[in-house]
Amino acid sequence: MQIKDKEFELFLSEQEIQSTIQRLAQQINQEYRGKEVIFVGVMNGAFMFVADLLRNIDFECEVSFVKLASYEGVQTSGTVHELIGLVNDLYEKHVIILEDIVDTGLTLDKVFSMIDADAPSSLEVACLLYKPTAFKGKHAPKFVGIEIPDHFVVGYGLDYMEYGRNTKDIYKLK
Ligand code: XMP
Ligand code: MG
């Protein structure tokens with residue numbers, strides 16, 4: 001499959017993705033049933049994962065989305081990150097962050113520390129894909145769909161230059 005200037009090949013099929021999501025949902029259903037739960041999807045990449053996971057969650061829950069806004073600083077102090085979109089009250093709720101992929105884990109650390117400031121009862125991460133060899137974050141995901149090598153992947157929400165999110169399968173760079 002061609003996206004812009006790059007060639008990609010099939011990596012994970014729709015069936016593998018969907019059966020992985022069903023397994024993750026079963027784990028979460030067992031551990032969280034009866035609790036006050038809010039799922040927080042990280043935009044943009046997680047939109048398909050959130051939609052498919054939540055269709056397999058069988059208890060009453062809230063769902064929301066956040067986006068990490070990054071601005072290039074005018075000075076050399078670097079990048080400022082801000083969590084946009086989250087209006088829900090997280091105090092004493094069980095929060096599960098939903099990520100399409102955890103790579104270095106640095107994005108997740110930022111989201112994690114911002115949400116943690118709202119004093120939830122618990123805070124965990126569920127991700128569809130995890131690159132353990134690239135990970136150098138503080139908060140490892142508790143619920144991991146598929147561990148993958150350090151390949152660049154696209155599809156099923158994941159993008160190359162904002163393209164390629166709209167596929168049922170996941171592809172890797174050839
Ligand atoms: P980390 O965990 O390194 O991830 O902070 C930063 C963001 O980069 C995206 N990411 C990817 N996107 N293919 C993609 O299309 C990839 O292989 C890939 N690895 C990381 C991801 O959205 C994450 O939020
Ligand atoms: Mg992302």
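Quick note: numbers below take in every heavy atom, side chains included, and nothing from hydrogens, waters or symmetry partners. Order of listing sets the numbers, starting from 1, for every ligand and every atom in it. Nothing fancy with the numbering, it's 1 onward along the sequence.
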Looking only at heavy atoms of Gly45, does any of them come nearer than 4.0 Å to an atom of ligand 1?
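Heavy atoms of Gly45 never come under 4.0 Å of ligand 1.
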Would you check whether Val153 reaches within less than 4.0 Å of ligand 1, judged by its heavy atoms?
yes
For ligand 1, which part of His151 has a heavy atom less than 4.0 Å away: the side chain, the backbone, both, or neither?
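The answer is the backbone.
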Could you tell me if the ring centre of Phe135 sits under 6.0 Å from that of Tyr130?
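Phe135 vs Tyr130: aromatic centres under 6.0 Å.
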[X] neighbourhood, listing ligand 1 atoms whose heavy-atom distance to it stays under 4.0 Å:
{"X": "Thr104", "answer": "1 (P), 2 (O), 3 (O), 5 (O)"}
{"X": "Lys131", "answer": "16 (C), 17 (O), 19 (N)"}
{"X": "Glu99", "answer": "24 (O)"}

Of the non-hydrogen atoms in Gly137 and Asp109, which two are nearest, and what is the gap between them?
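Taking Gly137 first and Asp109 second, the nearest heavy atoms are CA-OD2, 3.4 Å.
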Minimum heavy-atom separation for Thr167 and Gly155, please, with both atom names.
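The answer is OG1-CA, 3.1 Å.
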Quick check: Gly105 and ligand 1, any N/O pair under 3.5 Å apart?
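Yes - when backbone and side-chain N and O of Gly105 are compared with those of ligand 1, one distance drops under 3.5 Å.
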State whether the side chain of Arg23 and the backbone N or O of Ser19 hold a donor-acceptor pair below 3.5 Å, judged by distance alone.
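Flag not set: sc Arg23 to bb Ser19 has no pair under 3.5 Å.
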Indicate, with yes or no, if Phe49 and Val154 share a hydrophobic cluster defined by side-chain heavy-atom contacts under 4.5 Å among Ile, Leu, Val, Met, Phe, Trp and Tyr.
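They do not share one cluster, since no chain of ILVMFWY contacts under 4.5 Å joins Val154 to Phe49.
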